[in-house]
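Inspection log for the structure reproduced underneath, given as structure tokens.
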Number of protein chains: 2
Amino acid sequence: MKKPEINSIEIARLAGVSRSTVSRVINQYPNVPATTREKVMRVIEKYQYVPNLSAQIMAGKNMRTIGLFMISSGLVSSDLLTNMLITCVIESASLRGYYVLTHIIRNTRDQEELRVVKETFHQKRIDGGIFIGAANYEPLIEEMIMEGYRVGIVDQNLPGSDEANRIVINFDNSRGMQQGLDYLVGLNHRDIAFISGDPLRCAGPEKYEGFLHGMAAHGLVVHNEWIISADFSEEGGYLATAEWLKTVDKLPTAIFAVNDSAAFGALHALGEKGLKVPEDISLLGFDDHILSSRIQPALSTIRIDFSSMMDKLTETLIESIEHGLNRPSRFVVGTELVARDSCKAL
Amino acid sequence: MKKPEINSIEIARLAGVSRSTVSRVINQYPNVPATTREKVMRVIEKYQYVPNLSAQIMAGKNMRTIGLFMISSGLVSSDLLTNMLITCVIESASLRGYYVLTHIIRNTRDQEELRVVKETFHQKRIDGGIFIGAANYEPLIEEMIMEGYRVGIVDQNLPGSDEANRIVINFDNSRGMQQGLDYLVGLNHRDIAFISGDPLRCAGPEKYEGFLHGMAAHGLVVHNEWIISADFSEEGGYLATAEWLKTVDKLPTAIFAVNDSAAFGALHALGEKGLKVPEDISLLGFDDHILSSRIQPALSTIRIDFSSMMDKLTETLIESIEHGLNRPSRFVVGTELVARDSCKAL
DNA sequence: CTGAAAGCGCTTACAG
DNA sequence: CTGAAAGCGCTTACAG
């Protein structure tokens, strides 16, 4: 049933050369005369010979595969942004002739899950891995880096950690927060609340700091009462905002959410309280989630170009796999204000 | 830098047994006494030994990886439904200890793309593959099946093709169309238009047939003028509907779209013409796209449980890889009406 | 119950 | 420019 597998010995015999020469042709070594090369190529084409991958790996070649690890407790299939990041990486890798092994990590404390992930590296199923959604300090990632595996990380800031096999990409959180606050202040808002994110992730504290700085830069005071603690998720944004609405004395005129998902949740909670956006209160997000332009009201936000961000990360990882990198790689991607309908001028 | 790789010879030496025995322990052969097993396991644990995957493959084991091939011309990362299907498969496979290699096929006529896909099978990178979005008859898929590879296919109906290595899953298009028409007729609609899908895909003609049957069952006439040819995409639905609106004499009271994406496009085109849904015209979709409940007006539709559908397909494929299947596998998943706000009673 | 040995299919120094 | 041979690390009949 299966196509009768042909191997390099057979090809060599049919072409009247040795396996060494077949291998040299396959691997495009320069020291093969054109005539020999063509002779061998003809046989290869004729029999549609494809070298056995496992044998190549055992002889020291690359797998041409990268691992993609999404750390996420919820059901990933329902998170649009996560889904998009996955396909971005796949497309980018595919463009460069690489395959992507995707794995979803539900719980980074689950030993069995960790074992599977580590095994992926140890078995050499992959030449390197990309981690998305991890805490700023994640033991699993640090272990893989210590062991020398090449790792790409989205959203991490670990001062002093600049191993050559660590590739990090961040968005410019402080500039993004600044842009958002400039926009809100430009609309004459002075009473601004902030929905914060998971403090364990890198972007959480960074955005919070950015908020404090931006407010200070505009000479505005930050009311503790107007700091709403959430966790980047829609549900978290909803619950935190609903809770906050029960106790808050005086409402701000605007809410700056740590990301769009949290803003969706807040929108929901505000709606339940009968508060209209932007008539009663303005709402600004961060990310430019795929849904943001489609919800009612269309959400104003700070856009991050996730697509080119993941492309850059994937490209750099593959480059480091193929050519080796001896310098640490860090990138910061820009942000951009997208004004839609969720913020009104006072 | 890299962890000093330890191999089975070393483990055998440290445990005072032969490699054969180590292998027997690893592979959980029954004929190893508990004491020997434990002795070996202790060494394995101590050195965190993981067998080399490529060596295992060469010795005849499974890769424990399935390929996922998305056939899609557009930028997949922007298609929510596609993204969701990808993560469904990943989650399902992961649950069973399998890895997923995802690949996006832009153009099934591009020889280079085809070569890469076939290579994935030939190199034995994967133990089987799942194809989504292919034409009903896709030479690439047929070739892989002919060569004996195990293949899972979403949405295919090829009479007489029932090789044991072909696993097919379909949604119940005719029943779904029937449910939709029952609903519309129940709302007293009699003038019903249909936006059709890509005729090369399996679901295209099936839904069209279903529409014709359903209309006949209700004693309603199908006006040629009210058959709008599109292709399952939002853009296609938009363009076809916009064009149709320019020429149509008398408007129907309802439009049944071949899927939700097409319905989104139609909604857009209707809006541009100043036609309100459902006030001026009712609109019914098919799929229950992730956005359907969130758009304005929330789209009534025929739901397919994509998640359990992909889970079933993945499960069956993995089962067939591990235990072999000698009977062809075909599944049909049910449909369910979800009434929201886009259809009004007359 | 267990070990020695063959076999899987490549790549790459090495020697010429 | 090219071939013979070693080496990669497993599994599994085979023999005992």
#### Entry: D:dG16 to D:dT12 separation - C1' atoms, rounded to the nearest Å
16 Å

#### Entry: A:Met58 CE to D:dG7 P, straight-line distance once rounded to whole Å
13 Å

For nucleotides 13-16 of chain C, tabulate all protein N/O to nucleotide N/O atom pairs closer than 3.5 Å, reporting atom names and distance.
none

### Task
Under the side-chain hydrogen bond (donor to acceptor under 3.5 Å, both in side chains) rule, collect the residues that match up with A:Thr120, sequence neighbours excluded.
B:Tyr99

### Task
Could you tell me the separation between the CG atom of B:Asn31 and the P atom of C:dG3, rounded to a whole number of Å?
12 Å

### Task
Starting from C1' on D:dT2, measure out to CZ on A:Arg37 and report it in whole angstrom.
14 Å

### Which residue lies more 5' along DNA chain C, comparing B:Ala59 with B:Pro33 via nearest heavy atoms
B:Pro33

### Query
If you look only at pairs with a residue in residues 25-38 of chain A, which of them pass as a side-chain hydrogen bond (donor to acceptor under 3.5 Å, both in side chains), with sequence neighbours excluded?
A:Ser23-A:Asn27, A:Asn27-A:Lys61

### Message
What contact category does B:Thr36 fall into here, base, sugar-phosphate, or nothing, at under 4.0 angstrom with non-hydrogen atoms?
### Response
sugar-phosphate

Just distance, no hydrogens or angles: give the donor-acceptor pairs under 3.5 Å from side chains in residues 310-318 of chain B, sequence neighbours left out.
| from | atom 1 | to | atom 2 | distance (Å) |
| --- | --- | --- | --- | --- |
| B:Asp311 | OD1 | B:Ser92 | OG | 2.7 |
| B:Asp311 | OD1 | B:Arg96 | NH1 | 3.4 |
| B:Thr314 | OG1 | B:Met310 | O | 2.7 |
| B:Thr316 | OG1 | B:Lys312 | O | 2.7 |

### Query
Can you list the residues that meet the side-chain hydrogen bond (donor to acceptor under 3.5 Å, both in side chains) rule with A:Glu45, with sequence neighbours excluded?
none

### Query
With a non-hydrogen cut-off below 4.0 angstrom, is B:Asn52 in contact with a base, only sugar-phosphate, or nothing?
sugar-phosphate

#### Entry: Sequence-distant partners of A:Arg13, side chain to side chain contact (heavy atoms under 4.5 Å, CB included), two or more places apart
A:Glu10

### Whole angstrom value for the distance that separates P of D:dG9 from CZ of B:Arg13
15 Å

### Query
What is the distance, rounded to the nearest whole Å, between atom CD1 of B:Ile57 and atom C1' of D:dT12?
16 Å

### Task
Could you work out the separation of D:dC1 and D:dA5 based on their P atoms and round it to a whole Å?
24 Å

#### Entry: With sequence neighbours excluded, residues passing salt bridge (charged side-chain N to carboxylate O under 4.0 Å, His left out) with A:Lys118
A:Glu143

### Task
Evaluate salt bridge (Lys or Arg N to Asp or Glu O under 4.0 Å) for B:Glu119 paired with A:Arg64, printing each intermediate quantity in order.
CA-CA 12 Å; B:Glu119 189 178 84; A:Arg64 292 188 79 78; over 6 Å; no

### Message
Just so I know, are the side chains of B:Met146 and B:Glu163 near enough to count as touching, which here means a heavy-atom distance under 4.5 Å?
### Response
yes

### Query
How many Å lie between CD1 on A:Ile11 and P on C:dG9, as a whole number?
13 Å

### Message
It should be established whether B:Asn27 places a side-chain nitrogen or oxygen under 4.0 Å from OP1 or OP2 of nucleotide D:dT11.
### Response
yes

### Message
Taking side chain to side chain contact (heavy atoms under 4.5 Å, CB included) as the definition, give me every residue that meets it alongside A:Asn170, ordered by chain and number, with sequence neighbours left out.
### Response
A:Asp155, A:Val168, A:Cys202

### Task
Please measure how far the P atom in D:dT2 lies from the corresponding atom in D:dA6, and state the result in whole Å.
23 Å

### Task
Taking only the side-chain nitrogens and oxygens of B:Thr21, find out if one of them lies under 4.0 Å from OP1 or OP2 of C:dG3.
yes

### Stems where DNA chain C pairs, listed by first number, each of three or more Watson-Crick or G-U pairs under 3.5 Å
C:1-3 with D:14-16, C:5-12 with D:5-12, C:14-16 with D:1-3

### Query
What integer distance in Å separates A:Tyr49:OH from C:dG9:C1'?
7 Å

